[in-house]
Amino acid sequence: MKNQEIAAIFARMADMLAILGENYHRIMAYRRAAENIAALSRPLEEIWQAGELRTIPGIGETLAAKIDELMRTGRLEAYEKLKAQVPAGVVDMLLIPDVGPKKAALFWQTLGITDIEALEQAARDGRLRHLPGMGVKSEEKVLAGIAALKKRTGRTPLGVAWSLAQALLEALRKMPEVVQASPAGSLRRMRDTIGDLDLLVASAEPEAVMARFRELPQVAEVLLSGPTKTSIRTHEGIQADLRVVEPARWGTALQYFTGSQAHNIRLRGLALERGLSLSEYSLKREDGSEILCPTEEEVYAALGLPPIPPELREDRGEIEAALAGRLPILIERSQVRGDFQFHTVRSDGRNTLLEMARAAQAAGLEYAVVTDHSYSLGITRGVSAAALRRQRAEIEEVNRLMGGTFRLLAGVEVEMRADGTLDLPDEELAGLELVVAAIHSGLRGERERLTARMLAAIRNPHVDIIAHPTGRLIGEREEADLDMEAIFRAAAEHGTALEINGYTHRLDLNDVHVRRAVELGVTLVISSDAHDVNGFANLAWGVAMARRGWATAAQVLNTRRAEEVLAWARSRTSAPS
DNA sequence: GCCGTTTTCGGCCCGACTGTTTTCAGTCG
């Protein structure tokens, strides 16, 4: 069984236990286990086979036994029992905003409601308002929540959320009462997808800021608003939460509001060990006196920790690494010298080679690899072998025009065909400076064949880089069913680089995959996959995935100069495979 | 259910907002 499947079972069990009114901490234990399993960079099955389940944080004797049962039999008796007790539709009610385990249980136990449709009908009939703790307003909230659930679009890709947030932050920074404004939450941690936009403001006049915020043109609906916290929904249907704090409390507030929740819980535990209570307002001593932290660094320092980059704050070992003085020095966007995938009008891009070269240089790059699609990819206009040779002359011309300040490298995004071969002959590939290989079709294929197709490309000495390895498209297509562990090991063995594609809807490899690739010593490249002159901005999202995967500059090819990259590619092609 | 150079039992992060309530429960992050 896959990590995500087992994590989902434990998360579902936590929901069912909560509805049954079980001990809160027992429920949390299931949730923590689910989160930690979902975040594992290795297959749980491997850890199970090695008998090392108990090394996973949050997995003790009982849960280890449950995982063992799932791995051996494919089912879990305790889970089956819970499913027999709690109707699935009642668990689904937890998806409704403002409906939690207590209310779901109330509707189920008192009115016999066992799915969302029946709940909606009961609310319309005015049957919820008479329940204990309910009223007319709560009944309306249930209806509004069901409506919101029905039109919910899911999570938003980082790059899309980022620009929406920037617009709100710019508006906030223009307000005279605002001292400082920052993204927080998963946005600041640069998760690949974002639920709500979390924004933090420092101001001595929170009510004035809230009033102005509610009136911004981006606001479609005010969901709740108090003196320190306001939630709105934008016209795009995305929720934004604004918190306002005094400037003197900025550090604790930014730390708290950035999360993740799991990271914060660990930090608060560390604080308690030192006789301190950490909240978004301050560190409080046992005598009630407060330590104010205007900066985040002071919060971490007070707990005996170096500053931890937001991208690492997931409780995936960063606290242990920080305590041991072994935090990685993460790659930064400013260290990126080149780009390894972009397209021009020759395939499905919108700009010419020269326009793209100038845009890449304006984005701070020294070089970029031209990677128009090869011929067989039906959905785009691909380049034939002959067109590729003509493009080579164009590249040289553009390089002359750029006057030595910027360099295009001759490459291609060559298609891996279903039979594992590439759709350009070896002699054509040999004439290129860099070869990027990718799969665009048949991604729903069966695991063994698809993996074999990837491995064949990884072993091909002409192939330098595998583009967007899992093929996922956020919100549209799941990752292909691939043996990623085998792919990482083969890439490490053959020195083939794997791409972190920064295109907003790809972000592929994602953070968890990057982490495993880094552990296994795989060489990585970050690509913008730009299809027009604005596309080089995508490099920032690729860098974000690299950082979330604990990648340092040394492991990412983009930090090397063009000549070093070419030397790397030549050494690969000449090496025996 | 997990976890421990304070404990193998007794803890387990902390606070805002809303709505239903005369002091708090539920939800959310």
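Within the 4.0 angstrom heavy-atom criterion, only backbone atoms of the sugar-phosphate kind lie near L278(A); the bases stay farther away. S225(A) comes within 4.0 angstrom of the backbone, heavy atoms only, and of no base. If you check every strand for non-hydrogen atoms under 4.0 Å, R243(A) touches sugar and phosphate atoms only.
Nucleotides dG29(B) and dT23(B) have their C1' atoms positioned 24 Å apart, rounded to a whole Å. To the nearest whole angstrom, the two P atoms, one in dG1(B) and one in dT7(B), are 25 Å apart. Taking the P atoms as reference points, dC17(B) lies 31 Å from dG11(B), given to the whole Å. Going from the P atom of dA16(B) to that of dG10(B) covers 32 Å, rounded to whole Å. Here the separation of dA25(B) from dT20(B), taken at their C1' atoms, is 9 Å to the nearest Å. To the nearest whole angstrom, the two C1' atoms, one in dC28(B) and one in dC13(B), are 14 Å apart.
Scanning for side-chain hydrogen bond (donor to acceptor under 3.5 Å, both in side chains) contacts around D287(A) gives S289(A), with sequence neighbours left out. Remark: P57(A) engages N36(A) in a side chain to side chain contact (heavy atoms under 4.5 Å, CB included) (not counting sequence neighbours). Residues meeting the side-chain hydrogen bond (donor to acceptor under 3.5 Å, both in side chains) test with R515(A), sequence neighbours left out: none. By the side chain to side chain contact (heavy atoms under 4.5 Å, CB included) test, R129(A) pairs with V136(A), E139(A), sequence neighbours left out. Listed by chain and number, the residues in a side chain to side chain contact (heavy atoms under 4.5 Å, CB included) with E320(A) are R266(A) (sequence neighbours excluded). Here S260(A) pairs with nothing under the side-chain hydrogen bond (donor to acceptor under 3.5 Å, both in side chains) rule; sequence neighbours left out. Remark: D115(A) pairs with E117(A), A118(A) by the side chain to side chain contact (heavy atoms under 4.5 Å, CB included) rule, at least two apart or across chains.
Counting only N and O atoms by type, the side chains of Q255(A) and N264(A) include a donor and acceptor under 3.5 Å apart. In summary, the side chains of Q239(A) and D241(A) do present a donor paired with an acceptor at a separation below 3.5 Å, with no hydrogens or angles considered.
With rounding to whole Å, R31(A) atom CZ is found 16 Å from dC2(B) atom P. In this structure, the CZ atom of R54(A) is 10 Å from the P atom of dG4(B), given to the nearest Å. Distance L224(A) CG to dA16(B) C1': 9 Å, rounded to the nearest Å. When the P atom of dC17(B) is taken as reference, atom CG of L242(A) falls 11 Å away, rounded to whole Å. Summarising the geometry, the separation between CD on E290(A) and P on dC14(B) is reported as 14 Å, rounded to the nearest angstrom. Residue R249(A) contributes atom CZ, which lies 11 Å from atom P of dA16(B) at whole-angstrom precision. Distance, K284(A) NZ to dC14(B) C1': 10 Å, rounded to whole Å. We find that CG of D315(A) is positioned 13 Å from C1' of dC2(B), with the value rounded to whole Å.
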Show every donor-acceptor pair shorter than 3.5 Å between a side-chain atom in residues 60-76 of chain A and any protein atom, with sequence neighbours excluded, or say none if there are none.
unit_1 : atom_1 : unit_2 : atom_2 : d
D68(A) : OD1    : W48(A) : NE1    : 2.7
D68(A) : OD2    : R72(A) : NE     : 2.8
D68(A) : OD2    : R72(A) : NH2    : 3.2
E69(A) : OE2    : E77(A) : N      : 2.7
T73(A) : OG1    : E69(A) : O      : 2.7
T73(A) : OG1    : R75(A) : N      : 3.2
T73(A) : OG1    : R75(A) : O      : 2.9
R75(A) : NH2    : E77(A) : OE1    : 3.4

* Structure fact -> 5' to 3', nucleotides 19-29 of chain B under a 4.0 Å protein heavy-atom cut-off (B base, S sugar-phosphate only, - none) gives SS-----SSSB
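In this model, the phosphate group of dA16(B) is approached by a side-chain N or O of Y281(A) to a distance below 4.0 Å at OP1 or OP2. Contact annotation: T62(A) side-chain N/O to dC2(B) OP1/OP2 distance is under 4.0 Å. Phosphate contact (OP1/OP2 of dC14(B), side-chain N/O of S277(A), threshold under 4.0 Å): present.
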N/O contacts under 3.5 Å, protein versus nucleotides 5-12 of chain B?
none

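A cation-pi contact, defined as under 6.0 Å to the ring centre and within 45° of the axis, is absent between R249(A) and Y281(A).
Residue pairs meeting the side chain to side chain donor-acceptor pair (under 3.5 Å) criterion with at least one member in residues 175-187 of chain A, sequence neighbours excluded, are E177(A)-R212(A).
Each of L223(A) and L276(A) was matched to the nucleotide of DNA chain B holding its nearest heavy atom; the match closer to the 5' end belongs to L276(A).
To the nearest 0.5 angstrom, W541(A) atom CH2 is 15.5 Å from D529(A) atom CG.
The stretch residues 63-75 of chain A comes close to DNA chain B through L63(A), K66(A), each having a heavy atom under 4.0 Å from the strand.
When both pairing distances are held under 3.5 Å, dT8(B) makes no Watson-Crick or G-U pair with any nucleotide shown.
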